[in-house]
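Heads up, the thing below is written out as structure tokens.
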Protein chains: 2
Amino acid sequence: MTAEEPKKTRSTAQKAVIRSALESEKRFVSAQQLHRTLEDQGHTVGLATVYRQLNSLSDSGHADSITIAEKQLFRACAQDEHHHHLVCENCGKAVEVEPPSEDWITTTARVHGFEVTRHMFEIFGLCAECAASAQSR
Amino acid sequence: MTAEEPKKTRSTAQKAVIRSALESEKRFVSAQQLHRTLEDQGHTVGLATVYRQLNSLSDSGHADSITIAEKQLFRACAQDEHHHHLVCENCGKAVEVEPPSEDWITTTARVHGFEVTRHMFEIFGLCAECAASAQSR
DNA sequence: TCCGCTAATGGTAACGTTTTTCATTAATAC
DNA sequence: GTATTAATGAAAAACGTTACCATTAGCGGA
Ligand SMILES: [Zn+2]
Ligand SMILES: [Zn+2]
Ligand SMILES: [Zn+2]
Ligand SMILES: [Zn+2]
């Protein structure tokens with residue numbers, strides 16, 4: 001086996017700007033949404049770079065990603081531990097939640113001869129504000 | 001408000017064939033996979049029609065759908081009641097599972113001021129066969 | 001400070017999936 | 001049978017995402 005290369009990465013203005021833009025979002029956003037936001041703020045970052053960075057943040061665990069309506073959305077999460085989300089279907093706002101023990105997952109899987117690799121769980125609804133405005137409409 | 005039109009739909013050979021093909025699958029399959037299966041069986045059904053029917057089955061609740069690797073997969077589910085799946089990431093085979101009480105979902109949501117509309121939960125892994133063949137590789 | 005290496009970028013082309021279009025077919029009602 | 005129009009299918013368009021590749025620029029060493 002070859003020795004682990006220290007994988008040299010460089011810090012660039014784009015990385016910083018993308019990361020900070022994502023972190024200032026309390027919603028799940030798509031690459032294109034974030035790209036537009038950056039443009040509006042006067043930053044010039046290529047769309048390809050936004051895609052690359054979001055994927056890399058997601059891979060490294062610095063961002064969570066979910067898929068809604070066949071599009072990938074990203075969010076910088078405060079918690080490092082395993083968690084899930086309560087997402088507003090209207091505005092995208094999300095809250096991190098922790099379900100009760102998930103031990104039954106592996107147990108159930110074993111019963112069926114499955115070996116668990118991952119699981120996904122997301123709750124969708126309307127946040128207080130969106131529910132209120134929907135009612136008054 | 002206008003009266004509800006009885007929405008007249010017609011029963012066609014294609015609908016029947018697509019629905020029955022889906023029901024005979026114990027796996028989650030994509031529109032393209034199902035289309036190829038139908039071709040192999042000698043049926044001539046347009047790909048667009050397969051897409052249309054799968055979407056409509058999914059909308060009407062006669063089929064469940066999940067997204068793996070940016071592709072939509074469908075499955076005709078035996079259970080009408082609320083349930084979730086244990087899906088093999090390799091072959092798509094799926095088992096219907098029922099998690100323990102999901103009451104905490106609405107409770108937790110309420111704490112955050114959310115009104116729950118739906119939730120999704122899927123377990124991914126490798127079925128016994130796929131796990132075995134992966135190991136021997 | 002300059003240099004060399006190469007990671008990173010950004011514009012664009014390519015990609016694969018899904019939807020839309022629209023002329024044609026055929027299911028239903030009369 | 002005939003009229004009506006839902007449904008189909010082939011092809012084109014749309015869409016989100018990735019790949020390509022020439023160019024830029026971060027960083028370590030001279
Ligand atoms: Zn979990
Ligand atoms: Zn909201
Ligand atoms: Zn559930
Ligand atoms: Zn399998």
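Naming: A, B, ... by sequence-line order, numbering from 1 per chain.
- When heavy atoms are screened at a 4.0 angstrom cut-off, A/T12 is found touching the sugar-phosphate backbone but no base atom.
- Listed pair B/S30 / C/dT17 fails the phosphate criterion, with no side-chain N or O lying under 4.0 Å from OP1 or OP2.
- Side-chain N/O atoms of A/Q32 include one lying less than 4.0 angstrom from OP1 or OP2 on D/dG16.
- B/T44 comes within contact range of the sugar-phosphate backbone alone, with a heavy-atom separation under 4.0 Å but no base atom that close.
- In this structure, B/I68 atom CD1 and D/dT17 atom P are separated by 17 Å, rounded to whole Å.
- Under the 4.0 Å criterion applied to side-chain N and carboxylate O atoms, B/K26 and B/E96 are not assigned as salt-bridge partners.
- Put simply, CG on A/L38 is 13 Å from P on C/dT9, counting in whole angstrom units.
- Look at NE2 on A/H35: it is 14 Å from C1' on D/dG16, rounded to the nearest Å.
- Of all nucleotides listed (C/dA7, D/dT8, D/dA6), C/dA7 comes nearest to the side chain of A/K8.
- Rounded to whole Å, atom P of D/dA7 lies 12 Å from atom CD1 of B/I18.
- With D/dG16, C/dG10, D/dG9 as the choices, the nucleotide that has an atom nearest any side-chain atom of A/T49 turns out to be C/dG10.
- No engagement by A/Q33 is indicated, since no non-hydrogen atom pair under 4.0 Å with the nucleic acid exists.
- Here C/dA8 presents its P atom at 13 Å from CG of A/L57, a figure rounded to the nearest Å.
- Closest of all the heavy-atom pairs between B/A31 and B/V50 is O-CG1, 3.5 Å.
- Rounding to whole angstrom units, CZ of residue A/R19 and P of C/dT9 are separated by 13 Å.
- The shortest distance between the side-chain N/O atoms of B/Q14 and the OP1/OP2 oxygens of D/dG9 is below 4.0 Å.
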For this session: Using a 4.0 Å cut-off on protein heavy atoms (strictly under), produce a 5'-to-3' string for nucleotides 18-25 of chain D with B for base contact, S for backbone-only sugar-phosphate contact, and - for none.
Result: BBB----B
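- Here the CD1 atom belonging to A/I66 is positioned 9.0 Å from the CE atom belonging to B/M120, to the nearest 0.5 angstrom.
- In this structure, A/F74 atom CZ and D/dG16 atom P are separated by 14 Å, rounded to whole Å.
- Note on A/R110 versus A/E115: no salt bridge recorded, every NZ/NE/NH1/NH2 to OD/OE distance being 4.0 Å or above.
- Backbone-only engagement by A/S11 is indicated by non-hydrogen atom pairs under 4.0 Å involving sugar-phosphate atoms exclusively.
- Rounded to whole Å, atom P of D/dA7 lies 16 Å from atom CG of B/L54.
- The aromatic rings of A/F121 and B/W104 sit tilted relative to each other, their planes meeting at an angle between 30° and 60°.
- Cluster annotation: B/F124 is connected to B/F28 through the hydrophobic network of ILVMFWY side chains, with a link wherever side-chain heavy atoms come within less than 4.5 Å.
- Using a 30° and 60° split on the angle between ring planes, A/H119 and A/H84 fall in the tilted class, from 30° to 60°.
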